[in-house]
Amino acid sequence: MMQDRTFRGQSADGVWHEGFLIRSPGVKNSRPGEGWYINSEKEPAYAHLVKPFTIGMNTGLTDENGTMVFEGDILKDVRCGQEVIFAVKYGRYIDYGIGHIGFYAEFAENRPGTVHGLTSYVLTAKVIGNKIDTPELMKVGTEKEKHDEMD
């Protein structure tokens, strides 16, 4: 059920918090202390002001190691002997010609322009980072690495 869905967000000090998402009433007026909060029963202070662009919903899925997967996470898998890296996104997507709304895998540069439903990819993949702390993981192979391979 969606009301049981938890979220993750990063506070200004760089700490990640997991729990329920709360919007303070004055968020539209940009008053100090107003904004989006993650409310966690597991942490002291309970409600943590988080940066809006870091907020990601829990997918309800775990990776190969049992790590909970959130929107914005970056995962790595090996498919047919090739390393595959993808980010978890939520929204509208087309998979095999059919439109969907939900979580999907957005592949890194090694498979540009391809998206697929998330579940089958997460089961054997590992969370290796996220789009906030480690966005460079979505860039597969740097120009230097490509140049070194040619030497």
Side-chain angles (χ1 to χ4, degrees), residues 1-79 82-142:
M1 291 193 310
M2 281 304 255
Q3 68 247 33
D4 292 338
R5 187 81 63 181
T6 57
F7 290 80
R8 179 179 68 190
Q10 189 181 57
S11 53
D13 60 4
V15 175
W16 287 95
H17 303 280
E18 293 179 22
F20 295 101
L21 185 63
I22 301 169
R23 187 188 90 165
S24 62
V27 73
K28 290 180 183 173
N29 302 328
S30 299
R31 294 191 303 235
E34 300 291 347
W36 294 94
Y37 287 82
I38 297 289
N39 183 17
S40 175
E41 297 174 358
K42 298 175 187 170
E43 298 179 64
Y46 302 116
H48 303 273
L49 182 64
V50 294
K51 299 178 271 186
F53 64 90
T54 68
I55 298 169
M57 195 181 335
N58 180 335
T59 65
L61 301 170
T62 56
D63 73 357
E64 178 180 78
N65 296 330
T67 302
M68 192 55 69
V69 177
F70 285 84
E71 177 184 6
D73 278 344
I74 298 173
L75 290 88
K76 178 167 69 172
D77 197 5
V78 176
R79 295 269 169 147
Q82 185 177 12
E83 189 175 89
V84 177
I85 295 176
F86 61 93
V88 176
K89 297 197 77 173
Y90 182 85
R92 291 179 180 213
Y93 67 99
I94 296 174
D95 191 8
Y96 298 108
I98 300 170
H100 302 274
I101 295 177
F103 292 103
Y104 62 94
E106 177 186 64
F107 294 95
E109 293 175 353
N110 58 346
R111 294 178 68 183
T114 318
V115 298
H116 286 291
L118 194 62
T119 305
S120 64
Y121 284 91
V122 169
L123 298 175
T124 58
K126 294 177 187 161
V127 173
I128 58 170
N130 63 63
K131 292 180 98 174
I132 301 301
D133 294 333
T134 52
E136 68 278 3
L137 294 174
M138 287 298 285
K139 306 269 190 272
V140 178
T142 64

**Item:** Check against side chain to side chain contact (heavy atoms under 4.5 Å, CB included), Q10 and V50
**Value:** CA-CA 5 Å; Q10 189 181 57; V50 294; 5.8 Å; no

Specify the closest pair of heavy atoms between [X] and [Y], including all atoms of both residues, with the distance to one decimal.
X    : Y   : answer
F7   : I55 : CD2-CG2, 3.9 Å
E18  : I38 : C-CG2, 3.4 Å
V127 : V69 : CG2-CG2, 4.0 Å
A125 : D77 : CB-CB, 3.8 Å
L49  : G35 : CD1-CA, 4.0 Å
M138 : F86 : SD-C, 4.0 Å

**Request:** Consider only side-chain N and O atoms of H17 and S11, and report whether a donor and an acceptor are under 3.5 Å apart.
**Result:**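 Checked: H17/S11 side chains pair up, N/O donor to acceptor below 3.5 Å.
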
**Asked** Could you give the distance from CZ (F103) to OG1 (T119), rounded to the nearest 0.5 Å?
**Response**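 Interatomic distance, F103 CZ to T119 OG1, rounded to 0.5 Å: 10.0 Å.
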
**Prompt:** Could you go step by step and tell me if L118 and V88 meet the side chain to side chain contact (heavy atoms under 4.5 Å, CB included) rule?
**Reply:** CA-CA 8 Å; L118 194 62; V88 176; 3.7 Å; yes

**Item:** Sequence neighbours excluded - salt bridge (Lys or Arg N to Asp or Glu O under 4.0 Å) pairs with any residue from residues 64-73
**Value:**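 Applying salt bridge (Lys or Arg N to Asp or Glu O under 4.0 Å) to every pair that reaches into residues 64-73, excluding sequence neighbours, yields R8-D73, E64-K126.
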
**Asked** For the side chain of N65 and the backbone of T67, is there at least one donor-acceptor N/O pair under 3.5 Å apart?
**Response**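 Such a contact is absent between N65 side chain and T67 backbone.
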
**Asked** So, R5 side chain and T59 main chain: donor-acceptor pair closer than 3.5 Å or not?
**Response**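 Pair found, side chain donor or acceptor close to backbone of T59.
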
**Message:** Contact between L21 and W36 at the side-chain level, heavy atoms closer than 4.5 Å - yes or no?
**Reply:**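 Contact flag for L21/W36 side chains = yes.
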
**Prompt:** Does the ring centre of Y121 sit less than 6.0 Å away from the ring centre of F107?
**Reply:**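 Close enough - the centres of the two rings lie under 6.0 Å apart.
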
**Asked** Which residues satisfy the ring-ring contact (aromatic ring centres under 6.0 Å, His included) test with Y93, sequence neighbours excluded?
**Response**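 For Y93, the residues satisfying ring-ring contact (aromatic ring centres under 6.0 Å, His included) (neighbours in sequence not counted) are H100, Y104.
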
**Steps toward side chain to side chain contact (heavy atoms under 4.5 Å, CB included) verdict (W16, T54)** = CA-CA 9 Å; W16 287 95; T54 68; 4.0 Å; yes

**Request:** For K131, enumerate each residue passing the side chain to side chain contact (heavy atoms under 4.5 Å, CB included) test, keeping only those at least two apart in sequence or located in another chain.
**Result:**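 Result, side chain to side chain contact (heavy atoms under 4.5 Å, CB included) vs K131: I74, A87, K89, E106.
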
